[in-house]
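Sequence lines set the chain letters: A, B, ... in the order given, protein chains first and strands last, and positions in each chain run from 1.
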Amino acid sequence: MKSDTAITLSNVRLALGSARFSFDGTLPGGQITAVVGPSGSGKSTLLNLVAGFEKPDAGRILIGAEDVTAWHPSQRPVSLVFQDNNLFAHLDLASNVGLGISPSLRLSASEKVAVDEALQRVGLEGFGKRLPATLSGGERQRAAFARALVRRKPVLLLDEPFAALDPELRVAMRALLKELHAETGNTVLIVTHDPDEVQRTADHVLTLRHGEIVATGAVDWS
Amino acid sequence: MELTVGERRWSIFGGVTALAVIAGFCAAALAALLLFDGAAAGSIFDAYTLKVLRFTLWQALLSTLFSVLLGAPVALALARRPVFPGRVWVLRLLAVPMGLPVLIGALGLLGIWGRQGIANDFLAGLGLSQPVSVYGLFGILLAHVFFNMPLAARLLLIGLERIPSEYWRVSASLGMSSFSVFRFVERPVILGLLPGVAGLIFMLCATSFTLVLVLGGGPSATTLEVAIFQALRFDFDPPRAVALCLMQLLMAGALLAVMARFPAPADHGVTHGGTVRRFDGWHVSSRLYDGGVIVLAVLFTALPLMAVAVAGLAAHPWTLVAGAAFRRAAITSFSIAVFAATLALMLAVAMIRARQVVGLWPVFSSALGGAGSLVLVVSPLILGTGWFLILRPFGDVARFAPFLVVVINALMALPFVLRVLEPAFAVHAARSGRLAASLGIMGFNRLRLVDLPVLWRPLATGFSFAMALSLGDLGAVALFGSDDLVTLPYLIYSRMGSYRTTEADGFALILGLVCLALTVIGTLNAREVSHEK
């Protein structure tokens with residue numbers, strides 16, 4: 001277990017409208033943790049807190065030893081993949097991935113090579129000039145993974161990344177996620193509704209209910 | 001829709017009648033113009049007509065350019081600040097020029113930018129000896145930007161608020177600068193909307209009448225619409241008026257043909273601020289920039305409105321209301337507006353019901369659809385000129401003027417009324433058509449129990465929009481106005497011309513409030529309707 005990229009939520013409290021959230025716990029570094037729970041239990045809110053899209057009313061959020069509570073999303077060592085709309089629709093794949101290296105899209109020759117390699121790694125070799133609309137849903141999610149790859153951030157947050165895909169594609173995408181995780185050793189947080197996904201992908205599971213963490217533990221690999 | 005044979009027959013009969021009224025009225029006017037003897041056809045392309053055409057297109061181009069160039073930053077700033085106190089009021093303010101009679105907007109602009117306005121006082125304070133003249137091209141551009149910059153801002157804002165929320169998260173997480181966000185996220189959206197928005201504004205500015213009439217500066221700064229009016233009213237030169245009408249028809253037809261190739265901008269209110277979350281623009285500099293842009297846009301829009309209110313209150317409107325001139329004009333205006341709105345509603349309902357029945361007969365259906373937007377090409381002044389020529393042999397045209405104004409106003413309102421009613425009728429038919437038919441509810445009972453309880457809201461909305469449009473219109477009445485036919489806008493216009501501007505200010509405030517109230521009623525109603533869906 002790599003403790004330097006563990007995520008710690010220390011007495012984090014947040015009120016959004018009438019919903020109250022209160023998170024306290026540590027998510028192990030270098031592992032894949034599945035975040036599960038019924039709708040409205042705070043799964044996406046937990047991700048938003050780690051990514052910096054929500055600021056806690058009280059408490060601290062640590063990534064490794066660093067207190068990131070006050071940091072802007074761009075400063076946090078985090079990459080994101082959502083269920084949909086991960087790619088800017090009017091930019092080709094190479095540009096979408098390249099934005100992960102330079103947010104103004106000024107890329108050196110070696111960085112362009114890195115983009116091509118990342119596309120190749122996720123099985124999209126030669127797709128650099130294609131627009132997102134010309135790809136399937138699974139291919140778009142692969143491109144989003146390619147961008148996460150070039151960003152080289154120690155934490156990867158996934159908000160139901162495979163929910164829009166059909167079952168066969170899901171299996172392939174899970175395999176890709178596990179491979180990439182094995183190569184980079186990053187800390188992965190994946191929000192999911194799919195028990196199968198928890199069983200087959202996660203090392204660790206975090207259960208939420210009514211805005212609180214009610215259970216944590218290792219996944220039984222039986 | 002499931003109707004009995006009798007109901008079907010009535011629906012088709014109604015649709016045919018509506019179509020005949022609209023097409024007949026327009027066709028008669030066009031025929032009168034085309035068949036007019038004299039050298040009219042020959043002078044379509046003479047030097048004067050071409051000069052007026054050139055100015056019409058030139059001012060429309062500049063007006064569109066400034067409206068969009070100034071509206072886009074306002075939309076970007078408002079989109080980047082989805083939550084701030086008073087935001088909904090800024091959006092409402094930006095919607096006011098759309099519901100305001102143009103004549104009143106022109107009065108407000110004169111109050112701010114005219115010779116005695118605060119803009120010139122300010123410039124004089126800076127040491128400028130000559131006041132800036134608001135008449136001529138500058139005034140026309142100013143007025144068109146006053147009315148269309150908010151429109152551009154609102155339409156672009158709707159597009160920007162539709163950007164998927166993930167985009168803002170991704171761009172924040174990637175650490176994009178404001179410029180990168182503009183380049184990769186906002187600019188593509190704006191560029192996509194631009195043809196539709198700019199085309200709409202260009203069309204509005206190229207066919208604008210009242211603003212150019214009030215703020216134009218003589219023969220060098222006149223548009224085709226105003227030139228038609230001047231040829232008929234001042235020079236009494238029907239051949240020239242006919243030539244200008246034909247040119248206007250050519251221009252509007254060509255513009256519409258070009259516009260049809262772009263997607264029409266959608267305007268479904270922008271009130272859901274707060275659902276969008278933005279993570280960029282948190283630097284002090286961009287906060288100051290957005291705040292500055294929004295404050296300037298608010299001042300630019302609100303100051304002329306405040307000028308109308310201040311000048312109007314100073315004119316003691318409550319004493320003016322008691323005056324005989326006002327009472328007569330008010331009664332005339334309201335009668336015309338009620339008749340025009342009723343006619344517009346009747347035509348619209350007849351057309352919609354016929355369309356629901358004849359869904360399988362596309363030629364008739366698209367004829368009904370096309371008739372609704374006919375008035376976009378055939379402007380009020382063209383219709384007025386045509387009918388002027390038709391009725392001239394029968395004696396004083398002024399006798400027929402009220403009927404003509406009612407029909408022209410109804411046709412002007414028709415596209416708006418159709419846009420309100422058509423979706424509401426479609427939803428209602430889909431929801432209750434089969435149920436009512438299976439229960440055997442038909443005829444008057446159907447109207448009383450099934451249709452009116454649901455459809456009165458959209459009908460009321462259409463009615464109040466049509467009334468506001470007719471109450472504020474100067475175009476149709478300008479041609480025929482006389483001592484026997486004085487509407488409120490015509491009264492204001494003639495008071496401005498005879499230098500009794502105080503009275504004009506007072507009347508303007510009253511008319512503005514009435515039109516605004518009608519628009520607000522219509523909008524609130526429309527919102528209820530969309531909530532019910």
What donor-acceptor contacts under 3.5 angstrom involve side-chain atoms of residues 191-207 of chain B, with partners at least two apart or in another chain?
residue	atom	partner	partner atom	Å
B:T207	OG1	B:M203	O	2.8

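For a residue to count as touching a neighbouring chain, one of its non-hydrogen atoms must lie under 4.5 Å from one of that chain's; by this rule A:A89 touches chain B with backbone and side chain alike. Using a 4.5 Å cut-off between heavy atoms, A:F88 touches chain B through backbone and side chain atoms alike. Neither the backbone nor the side chain of A:I101 comes within less than 4.5 Å of any heavy atom in chain B. Contacts of A:L99 with chain B are made by both backbone and side-chain atoms, with heavy-atom separations under 4.5 Å.
The nearest pair of heavy atoms linking B:F184 to A:P103 is CE1-O, 3.6 Å.
Applying the salt bridge (charged side-chain N to carboxylate O under 4.0 Å, His left out) test to every pair with at least one member in residues 65-74 of chain B, sequence neighbours left out, gives no pairs at all.
Heavy-atom proximity under 4.5 angstrom to chain A picks out nothing from residues 59-70 of chain B.
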Let me see the donor-acceptor pairs closer than 3.5 Å between chain B and chain A, or none if nothing turns up.
residue	atom	partner	partner atom	Å
B:E166	OE1	A:N85	ND2	3.3
B:Y167	OH	A:L87	O	3.1
B:Y167	OH	A:A89	N	2.8
B:R169	NH1	A:N48	OD1	2.6
B:A172	O	A:S74	N	3.3
B:S173	O	A:R151	NH2	3.1
B:S180	OG	A:P103	O	2.9
B:R183	NH1	A:S104	O	3.2
B:F184	O	A:H90	NE2	2.4
B:R277	NH1	A:F53	O	3.4
B:R277	NH1	A:E54	OE1	3.1
B:R277	NH1	A:E54	OE2	2.5
B:R277	NH2	A:F53	O	2.7
B:F279	O	A:H72	NE2	2.8
B:W282	NE1	A:H72	NE2	2.7

